[in-house]
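Heads up, the thing below is written out as structure tokens.
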Amino acid sequence: MTAKTSSVLKMRATILKINRSNPNLSKIRLAAETIRKGGLVVFPTETVYGIGADAMNASACRKIFKAKKRPSDNPLIVHVSDMEMAEKVAIIPRRYRKAIESIWPSPLTLILKARAGLPRVVTAGLKTVAVRMPSDEIALELIRQSRTPIAAPSANISKKPSSTSGKHAIGYFLKSVDIILDAGNSKFGIESTVLDLGHFTLLRPGAFTMEEISAAFMKKPKLPKEALGLKEAKKALSPGMKYRHYSPDTKLMLYEGDPSRLKSILSPWKGRFAFMGSGETAFLLGKMPVKSIILGSRKEPRTIARNLFSGLIYLDSLKAEFCITESFTEKGYGLAIMNRLRKASSHKHFHTAEELEKCLR
Ligand code: TXA
Ligand code: MG
């Protein structure tokens, strides 16, 4: 084969299906070897899929940014399998140690002071590092077998919705990573919560609720407007807050008014728009939308959260002119749901029926 033809050949990932109830350890071992050799592995976590590389290998981590088309000033989360590994990359404040030990492994990412020796590409040059110990058994085993912390952002092309199934990740990364571990659907379907421990500030609501943080640390974190998705951070509270996120190609409009008004406002658009939200509101709209993507019952925010990203990804296959989504109470998982919806709708928010009506006229 000539050099010319080989350079034209594209990489194709090896897809390894893993059965959660009887995981095949040799597949995880193969993925771990790939991490150790500086390759890229997409792997499941309890929140969303991650695209991972050896956190101590700068050139391997650089490949993540390329595959994701991620801006280089947006740092990565370092995934660890035990406290010892966490201490190799970060300084764990003594006063919080007990609380952290009781919480981890869980979907809570902590911003901590970084140890020297971590490649700059991981922290994007910051003095802090994001660290998380996932509770997913496959993720934990992969980190253990790799014998190195794994740097991994969510497995999606930058700005696109995160992968909550192996199928989504294959869609994004078949041609740009070495291995995809496919273990089906993610348990939470929404990313980890990011807590800046130094300032005790919530940077991103996620699968570990505010209520759980308050109970574990016996105090409530600060909740800046950026964390609610109400505005974009000007200053880098968290670099990720500066960027558009989770955006489907279809124009998504977030309606925060009374659901019972929607049917009459949308009637001129019958058969042209999609709806994504609760089963209760879908029922009110009946056959009016091209399709209603039902995320779950309003009474079950956890189910809504779990189905949210797959709903956003599915939306684009419908080719609707626009999609209406609705608001949820910002308690428990509701905080993370609203953060994602506000970002996904790129701030096209309508607080009242009148505002939406005016825009659609
Ligand atoms: O659930 C999750 O957290 C998934 C899985 C794969 O673990 N990962 C994930 O990573 O969502 P990513 O990169 O998509 O989101 C991490 C967020 C970004 O918004 C980033 O800006 C922020 O954490 N972050 C990372 N390091 C930081 C730091 N030192 N200070 C402030 N924010 C940081
Ligand atoms: Mg992400």
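Just so it is clear, the values below take in all heavy atoms, side chains as well, and ignore hydrogens, waters and symmetry mates.
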For this session: Let me see the working for S192 and T109 under side chain to side chain donor-acceptor pair (under 3.5 Å), right down to the final yes or no.
Result: CA-CA 6 Å; S192 65; T109 296; 2.7 Å; yes

For this session: Report the C-alpha distance between D54 and T148 in whole Å, list the side-chain angles of each, state the deciding distance to 0.1 Å, and finish with yes or no for side chain to side chain donor-acceptor pair (under 3.5 Å).
Result: CA-CA 6 Å; D54 178 356; T148 184; 2.7 Å; yes

Exercise. Stepwise, does the side chain to side chain donor-acceptor pair (under 3.5 Å) test hold for S214 with E211?
Worked result: CA-CA 5 Å; S214 304; E211 294 80 354; over 6 Å; no

For this session: Kindly indicate, with the supporting measurements, whether the criterion side chain to side chain contact (heavy atoms under 4.5 Å, CB included) is fulfilled by I138 and T45.
Result: CA-CA 7 Å; I138 295 168; T45 83; over 6 Å; no

Exercise. Hey, mind stepping through E321 and R272 against salt bridge (charged side-chain N to carboxylate O under 4.0 Å, His left out) and telling me if it holds?
Worked result: CA-CA 6 Å; E321 284 180 47; R272 292 165 64 184; 2.7 Å; yes

For this session: Kindly indicate, with the supporting measurements, whether the criterion side chain to side chain contact (heavy atoms under 4.5 Å, CB included) is fulfilled by I180 and Y49.
Result: CA-CA 10 Å; I180 297 176; Y49 276 69; 5.6 Å; no

Exercise. What do the steps show when you test K127 against K113 for side chain to side chain contact (heavy atoms under 4.5 Å, CB included), and what is the final call?
Worked result: CA-CA 6 Å; K127 291 200 169 71; K113 273 206 184 110; over 6 Å; no

Exercise. Could you go step by step and tell me if T14 and D178 meet the side chain to side chain contact (heavy atoms under 4.5 Å, CB included) rule?
Worked result: CA-CA 6 Å; T14 304; D178 299 286; over 6 Å; no

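Heavy atoms of other residues, nucleotides or ligands lying less than 6.0 angstrom from NZ of K17 number 12 at most. Other residues, nucleotides and ligands contribute over 12 non-hydrogen atoms within 6.0 Å of the NZ atom of K219. Heavy-atom contacts from other residues, nucleotides or ligands closer than 6.0 Å to NE2 of H351 number more than 12. The neighbour count for R20 CZ, taken as heavy atoms of other residues, nucleotides or ligands under 6.0 Å away, is above 12. By the 6.0 Å contact criterion, CZ on F200 is enclosed, its count of non-hydrogen atoms from other residues, nucleotides or ligands being greater than 12.
Checked by atom type and distance alone, the side chain of E256 never pairs as donor or acceptor with a backbone atom of F350 at under 3.5 Å. With hydrogens and angles disregarded, a donor-acceptor distance shorter than 3.5 Å links the side chain of S297 to the backbone of K299. Checked by atom type and distance alone, the side chain of D182 never pairs as donor or acceptor with a backbone atom of S165 at under 3.5 Å. Remark: the backbone N or O of N74 is paired with a side-chain donor or acceptor of R70 at under 3.5 angstrom. The backbone N or O of V121 sits nowhere less than 3.5 Å from a side-chain atom of R62 that would complete a donor-acceptor pair. A donor-acceptor pair under 3.5 Å is absent between the side-chain atoms of R132 and the main chain of H79, judged by distance alone. With hydrogens and angles ignored, the 3.5 Å screen pairs no side-chain donor or acceptor of K88 with any backbone N or O of P149. Side chain of T325 to backbone of M276: a donor-acceptor contact under 3.5 angstrom is found. Judged by distance alone, with hydrogens and angles left aside, the side-chain atoms of E33 form no donor-acceptor pair with the main-chain N or O of L30 at under 3.5 Å. The backbone N or O of I18 lies less than 3.5 Å from no partner atom in the side chain of K27, so there is not a single donor-acceptor pair.
Taken from OG in S135 to CG in L108, the straight-line distance is 11.0 Å, to the nearest 0.5 Å. To the nearest 0.5 Å, atom OG of residue S154 and atom CD1 of residue I51 are 9.5 Å apart. Note that CD1 of I28 and CG of L16 are 10.0 Å apart. Values are rounded to the nearest 0.5 Å. The distance from atom OG1 of T281 to atom CD1 of I324, rounded to the nearest 0.5 Å, is 11.5 Å. L118 contributes atom CG, which lies 11.5 Å from atom CG of L126 (distance to the nearest 0.5 angstrom). In this structure, NE2 on H199 lies 11.0 Å from CG on L197, to the nearest 0.5 angstrom.
Salt bridge E87/R97: present, at least one basic N to carboxylate O contact under 4.0 Å. The residues E46 and K187 are annotated as not salt-bridged, no charged nitrogen and carboxylate oxygen being separated by less than 4.0 angstrom. Salt-bridge check for R342 with E330: passed, with a basic side-chain N closer than 4.0 Å to an acidic carboxylate O. A salt bridge is defined here as a Lys NZ or Arg NE, NH1 or NH2 lying under 4.0 Å from an Asp or Glu carboxylate O, and R144 with E141 meets this definition. Under the 4.0 Å criterion applied to side-chain N and carboxylate O atoms, R261 and E354 are assigned as salt-bridge partners.
Side chains of L142 and I150 form a contact here, defined as non-hydrogen atoms less than 4.5 Å apart. Contact of the V131 side chain with the V129 side chain is registered, since non-hydrogen atoms from C-beta on lie closer than 4.5 Å. Within the 4.5 Å cutoff, the side chain of E326 has heavy atoms near those of the S278 side chain. Inter-residue side-chain proximity for P221 and L195 is flagged as met; some heavy-atom pair is nearer than 4.5 Å. The closest side-chain heavy-atom distance from F217 to I103 is below 4.5 Å. Contact check for P44 versus L181: side-chain heavy atoms found under the 4.5 Å cut-off.
At a threshold of 4.5 Å between side-chain heavy atoms, the hydrophobic network of Ile, Leu, Val, Met, Phe, Trp and Tyr places V78 and L112 in one connected group. In this structure, V89 is a member of the same hydrophobic cluster as W104, with clusters built from ILVMFWY side-chain heavy atoms closer than 4.5 Å. Using a 4.5 Å cut-off between side-chain heavy atoms of Ile, Leu, Val, Met, Phe, Trp and Tyr, with links allowed through other members, M83 and F208 fall into the same hydrophobic cluster. Linking ILVMFWY side-chain heavy atoms closer than 4.5 Å, directly or via other members, places L285 and I294 in two distinct hydrophobic clusters. A continuous path of ILVMFWY side-chain contacts below 4.5 Å connects M210 to I100, so both sit in one hydrophobic cluster.
Residues V48 and T164 come closest through the heavy atom pair CG1-CG2, 4.1 Å. Closest non-hydrogen pair, M133 versus S81, comes out as SD-O, 3.9 Å. When every heavy atom of P161 is checked against every heavy atom of Y172, the shortest pair comes out as O-OH, 2.6 Å. Counting all heavy atoms, side chain and backbone alike, S158 lies closest to K69 at CB-O, 3.2 Å. For the pair R204 and I77, the tightest heavy-atom approach, listed with the atom from each and the gap, is NH2-CD1, 4.1 Å. Annotation for I111 and L203: closest pair CG1-CD1, 3.9 Å, computed over non-hydrogen atoms.
Residues satisfying the ring pair (Phe, Tyr, Trp, His ring centres under 6.0 Å) test with F322, not counting sequence neighbours, are W269, F273.
Using modelled atom types, one finds a donor on one side chain and an acceptor on the other under 3.5 Å when comparing S162 with E191.
Remark: aromatic rings of Y246 and F309 are close, center separation under 6.0 Å.
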Could you pull out every donor-acceptor pair under 3.5 Å between side chains of residues 248-255 and any protein atom, sequence neighbours left out?
unit_1 : atom_1 : unit_2 : atom_2 : d
D249   : OD1    : K160   : NZ     : 2.8
T250   : OG1    : D316   : OD1    : 2.7
Y255   : OH     : D258   : N      : 3.1
Y255   : OH     : D258   : O      : 2.8

